[in-house]
Number of protein chains: 2
Amino acid sequence: MAKIDDVARLAGVSKGTVSNVFSQKRATSPKVTERVLRVSRELNYVPNHTARSLVTKKTMAIGLTIPHGNFFFSAFHNQFINGVILEASTYGYRVLLDMIAVEEVKTPSLASYPIDGAIVLGPTKEDRRIQLLHQNQIPFVTVGKIMNQGIEDVSTVNNNNDKIIRDICNYLISKGHRNIMFLNAGQQMTVSIVRTEAFIHALEAHQIELQPHMIHYKPLIYSEEYMRYGYDETYNTLANLEEKVTAIISDDDRTAFSAMNALKDLGYSVPEDISLFVICGDLSMMHQVTPSLTGMDLQPSELGVQSVKLLMHKLSVLEGEFTNHWIVDSKIVERDSCSSV
Amino acid sequence: MAKIDDVARLAGVSKGTVSNVFSQKRATSPKVTERVLRVSRELNYVPNHTARSLVTKKTMAIGLTIPHGNFFFSAFHNQFINGVILEASTYGYRVLLDMIAVEEVKTPSLASYPIDGAIVLGPTKEDRRIQLLHQNQIPFVTVGKIMNQGIEDVSTVNNNNDKIIRDICNYLISKGHRNIMFLNAGQQMTVSIVRTEAFIHALEAHQIELQPHMIHYKPLIYSEEYMRYGYDETYNTLANLEEKVTAIISDDDRTAFSAMNALKDLGYSVPEDISLFVICGDLSMMHQVTPSLTGMDLQPSELGVQSVKLLMHKLSVLEGEFTNHWIVDSKIVERDSCSSV
DNA sequence: CTGAAAGCGCTTACAG
DNA sequence: CTGAAAGCGCTTACAG
């Protein structure tokens, strides 16, 4: 690989000048620019990214930290990541994918983390990733609320999960449902905690008392229960509960399908006997299946874009004012899986 | 951030020694090791990754290049990426996600690409990404066959797509199907080309002549047709074709759902009237829906693991012999969507 | 087992 | 607009 000295020598200029034609930080005369570029092309020269990083102290990469161990990509995450990559590339940033154990204390890494900033997906209570980032003074933004971290003023991009659950509950209650089962996300995620509170409040607002066994949490991904989540909860709850459940709120499409299977085995059909609402599902899945599934549009791609934007502000690559807490809109998309009782 | 000089001074040793206790490349006495480690902890010191990279000429990152523009993560890709990340972390490697335009000639990047090697997902004919990698002398392995690249001896990890299609066809033909429609992947992908050939051969082997309009290709992702792929092809073909289609092979679960919607609108049911086979779908989706979908297990996670292993061999981090072409097994998983005619 | 010194390939004040 | 020189924070022969 040709290096800057080779180009400088052959073009008859100094290294500094070669550097400038590539970085564009100082103007170079047209003649010199053209000559340097030509020589560079001949030698197949391209500035060494690492050497540049060492002096600029920028890696031009952001980390996307995905909770490892209790997580699996869903359509939501796919779209989110698409948004992140596309937006990051706008600023010349690349995306480093990283799974960090949320809880286990691993042996500290042997070297500093080669990123300028990070995006933390799906924070949990007392999330270790956040502690690590904070400790290493790496700017970051979380996608989702943080809790119990003892860190001030963390930048966050998020849906309004409180409002989402209230909207869903009001939607179902307005259709006459009063016995609503909630298949929530994993218990360790802060989003689940927010949702549960909102769920209880929404019911209370309509004088509905929360029945036991009406809120369930997604098991850890590698557990035996994981693959049966949705089915077991639905089957057991509907088979045993005194009061009849008439609506189910499901965290994602997979869980919804699983629940529908249980309903089928119990002899119920959707939406005639039971209404089904999916919070976070693949749009094309949701409308392709029968019945098509009513759900929320969370704008995952927009969440990705906004989290990159916020991070770029923190890294001062984006100028101007910004809010530390950005909310991405969401709205109900009605399809065929919810009906009135 | 503390640097190696600070630690060396405070611990009363040379920088070289500090370097050695962290890199473990040369032994250090217990006393010195302990002292250096203690000081490092006090100063919150961790070796600078970039500085190290500059001299070792290793970034300890591999790139995962995803075709941009005509691509969307599916469950297959999720599991694949999971395999890649997990296996890569075994060797201390991180994964840089990258979407490179497959065809457009973008302005050349302003700096070298900070990866030691790359994995190319879903190669197309005359794939630009492969040319770029080859040109920049970055070791890479493709997941999928390459065609028309003019490059010798490219390392490849792949399913045996020829065998997969033959197996599927034989499976369907053994159930009496002779009019089989094939909803293939995107036309530009090499996998589609291999599959189409195999499809034709499999039919020929049973003296079945390929009817027109029996092979379709997935449109580019941002096209208007994309969202209707599966539905339109199924509807139009079944409504207009003289001979009745009795089985459909679908590239993925999304397309299968789409096709099922068309079948419903046409008054056909699966598997009574039409059999449906999914090549590459989300296992949990496949068995959660009704009817559960018969399909192939492609072992995407294993594909990810093996492509990292092969790349590590090329980077000489893994010793010993290796084959340049690794095939990952696949097998039919029977569920409820295929029946005999 | 340890140290002193050169060097990895750039960028960046500084000077002109 | 350009150049000479120092320096980014490490690792690595070389020597002992």
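Sequence lines set the chain letters: A, B, ... in the order given, protein chains first and strands last, and positions in each chain run from 1. FYI, side chains are in, hydrogens and waters are out, and symmetry mates aren't considered; it's all heavy atoms of this structure.
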Under 3.5 Å, side chain of [X] to main-chain N/O of [Y], donor-acceptor pair present?
| X | Y | value |
| --- | --- | --- |
| A/T190 | A/K145 | yes |
| A/N136 | A/L133 | no |
| B/H325 | B/S155 | no |

Check: Taking the side chain of B/R26 as heavy atoms from C-beta outward, which of D/dA15, D/dC1, D/dG3 is closest to it?
Finding: D/dA15

Note to self: Taking A/D127 first and then A/R129, would you say they form a salt bridge - that is, a charged N and a carboxylate O separated by under 4.0 Å?
What the structure shows: yes

Checklist line | Distance, rounded to the nearest Å, where A/Q24 contributes CD and D/dC1 contributes P | finding: 12 Å

Next item on the list: Rounded to the nearest angstrom, tell me the gap between atom NZ in A/K31 and atom C1' in D/dC1.
Entry: 11 Å

Check: Hey, are the side chains of A/I119 and A/F140 touching, using non-hydrogen atoms and a 4.5 Å cut-off?
Finding: no

Check: Just checking, is any N or O donor in the side chain of A/T50 or B/T50 under 3.5 Å from an acceptor N or O on the other one?
Finding: no

Check: Are B/D116 and B/T59 linked by a side-chain donor-acceptor pair shorter than 3.5 Å?
Finding: yes

Check: Any side-chain N or O of A/T17 under 4.0 Å from OP1/OP2 of D/dG3?
Finding: yes

Check nucleotides 9-11 of chain D against the protein and report each pair of N or O atoms closer than 3.5 Å, with its distance, or say if there are none.
residue	atom	partner	partner atom	Å
D/dG9	OP1	A/K57	NZ	3.2
D/dG9	OP2	B/K3	NZ	2.6
D/dG9	N2	B/A51	O	3.4
D/dC10	OP1	B/Y45	OH	3.4
D/dC10	OP1	B/N48	N	3.3
D/dC10	OP2	B/I4	N	2.7
D/dC10	O5'	B/Y45	OH	3.3
D/dC10	O5'	B/N48	N	3.2
D/dC10	N4	B/K15	NZ	2.6
D/dT11	OP1	B/R52	NE	2.7
D/dT11	OP1	B/R52	NH2	3.2
D/dT11	OP2	B/S19	OG	2.2
D/dT11	O5'	B/S19	OG	3.4

Note to self: Tell me whether A/K314 at atom NZ has more than 12 heavy atoms from other residues, nucleotides or ligands lying less than 6.0 Å away.
What the structure shows: yes

Check: How would DNA chain C look in dot-bracket form, 5' to 3', counting Watson-Crick and G-U wobble pairs with both distances under 3.5 Å and writing | for bases paired to another strand?
Finding: |||.||||||||.|||

Note to self: Taking only the P atom of each, what is the distance from C/dT2 to C/dA6 in whole angstrom?
What the structure shows: 23 Å

